[in-house]
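One structure below.
Both ligands and their constituent atoms are indexed starting at 1 by order of listing. Here the structure is a predicted model, which means the values were calculated and not measured.
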Amino acid sequence: MTSPRKPIRKAVFPVAGLGTRFLPATKAVPKEMLTVVDRPVIQHVVDEARAAGIEHFIFVTGRNKAVIEDHFDSAYELERTLEQRGKTKELELLARDLPAAGQTSFTRQQAPLGLGHAVWCAREIVGNEPFALLLPDMLHHGDPPCLSEMITAYQEHGGNLVAVSPVPEDQTHLYGIVGVEDRAAKVSRITTMVEKPPRGTAPSNLHISGRYILQPEIFDLLERQERGAGGEIQLTDAMIRLAAQPDQPFYAVRFDGKIYDCGSKLGFLVANVAYALEREDLGPALKEEIAKLLQG
Ligand code: UTP
């Protein structure tokens with residue numbers, strides 16, 4: 001086992017992808033800044049990390065992503081204007097979301113060579129400690145939040161963990177898939193991992209849904225990782241090699257909440273409707289509007 005168990009203090013958010021599925025919206029605006037109701041997607045994911053006790057937020061950004069850095073900074077002129085206009089509620093809202101000075105780090109991937117490469121770019125900032133990794137496209141909506149559940153599982157089991165959730169059997173070839181010792185368990189040891197298995201060969205229908213806790217040894221493997229599926233440096237390929245090492249167990253943590261893939265148009269639209277329906281100020285009116293639309 002990987003002991004003694006170090007706390008998970010840092011989280012990495014890879015936000016350097018091109019977001020081609022969302023063009024032209026993502027030509028000048030990063031897809032992570034598209035809003036689900038009134039919060040950028042990335043803010044929802046940072047909220048999840050904060051709720052799990054993360055203290056340091058590391059963003060791996062790229063060209064055209066500077067606005068993400070601005071979003072997590074104080075906006076002096078805006079704040080003064082709100083103050084002058086007596087907009088205290090809005091000011092409080094901004095203050096609540098603002099990470100403390102020194103709690104954020106930004107590094108650039110320079111070229112979008114793949115998720116594995118983006119994670120590797122965070123190596124110097126993460127250092128020699130286990131860390132959380134959250135894919136911002138994938139909104140995990142549940143109570144308790146996904147990363148909180150994973151940290152609880154990490155405290156018990158240690159090692160490396162990935163959140164998993166079932167996908168339809170005919171879609172397993174689109175995802176990273178794991179085989180586990182006990183399908184019924186909330187937390188189970190992973191026996192196999194495969195990135196986008198050819199149809200009919202998947203070890204299960206449990207897909208890696210975008211939340212990870214990884215040991216820092218992953219960085220050495222990523223450094224030497226060759227390009228895989230799609231010509232990109234794949235994180236799953238490096239995780240497979242890490243799992244093959246002694247003392248690097250991998251566990252699957254089944255997430256029972258809802259997952260919205262905000263990197264796809266449909267997932268993004270559904271997320272907006274679902275999150276808005278839950279809001280007291282919007283839900284009832286939106287429901288009526290949707291009913292009207294559906295009636296034609
Ligand atoms: P995706 O493949 O979903 O993102 O990567 P993408 O490449 O931006 O999307 P499309 O397919 O072109 O529409 C999953 C996550 O990994 C990040 C993305 O920003 C996203 O959060 N990523 C991906 C990087 O940071 N760097 C990369 O080189 C690739």
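Interface of L113 with ligand 1, defined as ligand atoms under 4.0 Å from a residue heavy atom, comprises 28 (O). Heavy-atom proximity to A118, at under 4.0 Å, picks out these atoms of ligand 1: 24 (C), 25 (O), 26 (N). Every atom of ligand 1 is numbered from 1 in the order shown, and the set under 4.0 Å from a heavy atom of G114 is 26 (N), 27 (C), 28 (O), 29 (C). Taking a cut-off of under 4.0 Å to the non-hydrogen atoms of E32, the atoms of ligand 1 that pass are 19 (O). Atoms of ligand 1 found under 4.0 Å from any heavy atom of T20 (numbered from 1 in listed order, with element): 10 (P), 11 (O), 12 (O), 13 (O). Counting atoms of ligand 1 from 1 in the listed order, those under 4.0 Å from a heavy atom of P112 are 28 (O). Those atoms of ligand 1 that come under 4.0 Å of a heavy atom in Q109, given as number and element, are 24 (C), 25 (O), 26 (N), 27 (C), 28 (O).
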Show your working on side chain to side chain contact (heavy atoms under 4.5 Å, CB included) between H56 and R9 and close with a plain yes or no. CA-CA 6 Å; H56 194 134; R9 303 184 306 121; 5.8 Å; no
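Results of the salt bridge (Lys or Arg N to Asp or Glu O under 4.0 Å) test with E129 over R5, R123, K6, K10 single out K10 as the only residue that passes. When each of L161, L135, N160, L134 is checked for a side chain to side chain contact (heavy atoms under 4.5 Å, CB included) with Y212, only L135 meets the rule.
If you take CG on D237 and CG on L242, they are separated by 12.5 Å, rounding to the nearest 0.5 Å.
Regarding atom 9 (O) of ligand 1, its nearest protein heavy-atom neighbour is K31 NZ, 3.2 Å. At the shortest separation from atom 15 (C) of ligand 1 among protein heavy atoms lies D137 OD1, 4.1 Å. G17 N, 3.4 Å is the protein heavy atom nearest to atom 24 (C) of ligand 1. Scanning the protein for heavy atoms near atom 25 (O) of ligand 1, the closest one is A16 N, 2.9 Å. The protein atom (non-hydrogen) at minimum distance from atom 13 (O) of ligand 1 is R21 N, 2.8 Å.
Polar contact check, L115 against ligand 1: no nitrogen or oxygen pair lies under 3.5 Å apart. For ligand 1, the polar-atom distance check finds an N/O of G19 within less than 3.5 Å of one of the ligand's N/O atoms. In terms of polar-atom proximity, P14 is counted as a contact of ligand 1, with an N or O under 3.5 Å from an N or O of the ligand. For the pair V60 and ligand 1, the shortest N or O to N or O distance does not fall below 3.5 Å. For a threshold of 3.5 Å applied to N or O pairs, the pair formed by E232 and ligand 1 contains no separation below that value.
Counting only distance, with no hydrogens or angles, the side chain of E79 and the backbone of A75 share a donor-acceptor pair below 3.5 Å.
Taking the six-membered ring where the residue is Trp, Y275 and Y260 present perpendicular rings, their angle passing 60° and hence far from 30°.
A salt bridge does not link E77 with R80: none of the charged nitrogens is closer than 4.0 Å to a carboxylate oxygen. Classification of R211 and E149 as a salt-bridged pair fails, no side-chain N sitting under 4.0 Å from a carboxylate O.
Residues V41 and L139 approach most closely at O-CD2, 4.1 Å, considering heavy atoms.
Proximity of the aromatic rings of F268 and F22 is defined here by a centroid distance below 6.0 angstrom, and this criterion is met. For F131 and F219, the distance between ring centers is under 6.0 angstrom.
For atom 5 (O) of ligand 1, the protein comes within 4.0 Å by no heavy atom at all.
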